[in-house]
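Here the structure is laid out as structure tokens; the discussion comes afterwards.
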There are 2 protein chains.
Amino acid sequence: MKPKLTLKQIAYELDVSVSTVSKALRDSPEIGEDTRQKVKAFAQLYNYKPNNIALSLKNRKTRTIGLVLPEIVHDFFATVISGIEEVANKKGYNVIICLSNNSFDREVMNMEMLANGSTDGFILSVAKETQQKGDYHHLQEVINQGMPVVLVDRVVEEIVCDKVIIDDAEGAAKAVQHLIDSGCSNIGIITTVDYVSVGKLRTNGYLDALRKNNMVINDDLILKIEDIDQSQEQINEFLKNRSVDGVFAVNEQFATSAVKALSTKGLKVPEDVLVISFSDGELSRRFMPSLSTVNQHGAEMGAKAAELLIERLERPVDEEHYQTAIVRTSLIERESSLKTKKAVV
Amino acid sequence: MKPKLTLKQIAYELDVSVSTVSKALRDSPEIGEDTRQKVKAFAQLYNYKPNNIALSLKNRKTRTIGLVLPEIVHDFFATVISGIEEVANKKGYNVIICLSNNSFDREVMNMEMLANGSTDGFILSVAKETQQKGDYHHLQEVINQGMPVVLVDRVVEEIVCDKVIIDDAEGAAKAVQHLIDSGCSNIGIITTVDYVSVGKLRTNGYLDALRKNNMVINDDLILKIEDIDQSQEQINEFLKNRSVDGVFAVNEQFATSAVKALSTKGLKVPEDVLVISFSDGELSRRFMPSLSTVNQHGAEMGAKAAELLIERLERPVDEEHYQTAIVRTSLIERESSLKTKKAVV
DNA sequence: TACTGGTCCGAAAACGTTTTCGTGTTGAAA
DNA sequence: TTTCAACACGAAAACGTTTTCGGACCAGTA
């Protein structure tokens, strides 16, 4: 219950001035050898640690990163956090996390809260609702105040700042190409509505792959889902009436729902239909059949974002030159897209 | 790129003193009506927001909660965070998250980092390595400094403070009872080594249920896993040589591995063997068969923890009376434990 | 006129640091 | 003996707030 030790307290105990204590602890040559020893010994003994808040006020730097995410119960964002934490901690930064729950208002609130001195900069993945609204004034505002922002995954073109994305379209194309190479000729896609930037890009990748292979594009094989809570029903309905031999789903949830829907229809994966997913998580790895998927390397993305932000924070004079880092995806082949004897025949 | 507006700046512009500005903004009766209007108008116009750091220094309160977790890529902890965030934000608190990655050293480092003024208190779930070591000096230290701590889920008895736990043993017993009620007579358990507090409790619950039903306890049906990375092999081996009609797994990972092991052995769930899991997450919900499980209500636990902490932070004079909140688990019955016709016969 | 009381505002301290600058003491050189 | 570095330390300002206290001014009263 004892209050924390301060410089003033040390100074009082040792009968020297506060400045002397400060300088002694920081090994200033202004301080004589014996007083330095005395002060350091005392500080060590009572485990003195400078107060972060006071330092922040003095230096106008908090060494804290504000992280605003749409959700967290989602392996992808969880791995992103891990990546950020990893490099932030290594460089002596703390991370304040706020969740927007995909709500525009909460995103704005969180940023305002953190922008008043609590953090030096932001890493953010914009909420779904924000992308829908297309209102990004809160981002521009903190940028105008001189706080660097790094956008991750769900980025927005209108804002100029550092960004970390994956090659969504390319990754999707790779996945679809894999299906094609495995003999699929009738490939459906289960994706999100277009205003979700990554959903749209993945849809584009799907289309690209089909075109590149001179396959017909059938709009009837494209399912765009708005609300994940009703996805299972929609997917059931979608697959019931269509005969596909391959399904590309833009996330794990849709992929598992697809497998389930096919199963109720009496179709097995991968024997009858191949399925490939996007975003590698526990679910893909442990599902039966295990899901082939496009790995987003969330930890790498987080790490890269933290590096970009910290670099910008610590660069002496900022040369307004922003970069967009692209983290390459990789295809992970598992059971759900395994070419079976039947498919080969 | 303009620096943030400060009281001093406003005072200068309006040709009044800093104290006048401060008081005007806080509706002090000391300030005349017209100056108050003037100041408020100016502040509103230029969107003045007080600097959090300065307030923290002045008030010796940061309105931030330090959260230290073993991991985050794990639905349970993710939901805990959601719950904490929810109530913290509602009460005007920020949350700084640090990950220990189940390492003792990182846990200590993180706490030391945050204890130097960055947070008003802690919510923490102790790292596996810490539980193994049994070294809790870092917890006692921050408590001695007057910072309240709330332990969540993985608690430690030696430390007196507020705690939030679930009825691990009871929940496990409920799960096993459910298996028994469904006709299982030969129930295996896949659990963790004993130093993981919750693992031990769940094992106890398993034993309790068996005893209560006058069933023999067969040590050969108890598998204790140390390292999750080798769990699949161990579970395969375990189930290969034993004939069980029910399996209780203390987490989702073990449960899915069990289903897989049984499957390779030619046994189907739930037709041949019933399986029940612990800790409800995306995996349990989406697995095929969907997994019956004991719901830990992570969000509730997080919310309760945040409430306990904030209450203690804001109570004027603290009456050293700590409580342990128990969040009741609930059994969720899904396909993996569905009594089938076969089992009924 | 002299006092009282109220209204409205500013000076200053405080939170815990760091850093600039000034100053007193010493010892040696002149 | 005087002068002057060099040395060792302290005072004070600053970061952005809030709050206590004191004081100026004015109107009203005796």
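Order of the sequence lines fixes the chain letters, A, B, ..., with proteins taken first and strands second; residue numbering starts at 1 for each chain.
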Length of the [atom1]-[atom2] vector between [X] and [N], whole Å:
X: B:Asn59; N: C:dC15; atom1: CG; atom2: P; result: 13 Å
X: B:Lys58; N: C:dA13; atom1: NZ; atom2: C1'; result: 8 Å
X: B:Leu25; N: D:dG16; atom1: CG; atom2: P; result: 16 Å
X: B:Leu57; N: C:dT18; atom1: CG; atom2: P; result: 13 Å
X: A:Arg60; N: C:dT18; atom1: CZ; atom2: P; result: 16 Å
X: A:Tyr12; N: C:dT17; atom1: OH; atom2: C1'; result: 21 Å
X: A:Leu55; N: C:dC15; atom1: CG; atom2: C1'; result: 13 Å

DNA chain C: B:Thr35 or A:Ser22, which has the more 5' nearest nucleotide? B:Thr35

Find which nucleotide of DNA chain C each of B:Asp15 and A:Ala54 is nearest to by heavy atoms, and output the residue with the more 5' nucleotide. B:Asp15

On the nucleotide D:dT19, are OP1 or OP2 found under 4.0 Å from the side-chain N or O atoms that B:Arg26 carries? yes

Is the shortest side-chain N/O distance from B:Tyr48 to OP1 or OP2 of D:dG16 below 4.0 Å? no

On DNA chain D, nearest-nucleotide positions of B:Leu7 versus A:Thr20: which is more 5'? A:Thr20

Hey, is OH on B:Tyr12 packed in by over 12 heavy atoms from elsewhere, all under 6.0 Å? no

Tell me whether B:Glu33 at atom CD has more than 12 heavy atoms from other residues, nucleotides or ligands lying less than 6.0 Å away. yes

Under 3.5 Å, is there a donor-acceptor pair between the A:Ser125 and A:Asp153 side chains? no

Counting the atoms with a prime plus P, OP1 and OP2 as sugar-phosphate, which does A:Lys23 contact under 4.0 Å by heavy atoms, base, sugar-phosphate, or nothing? base

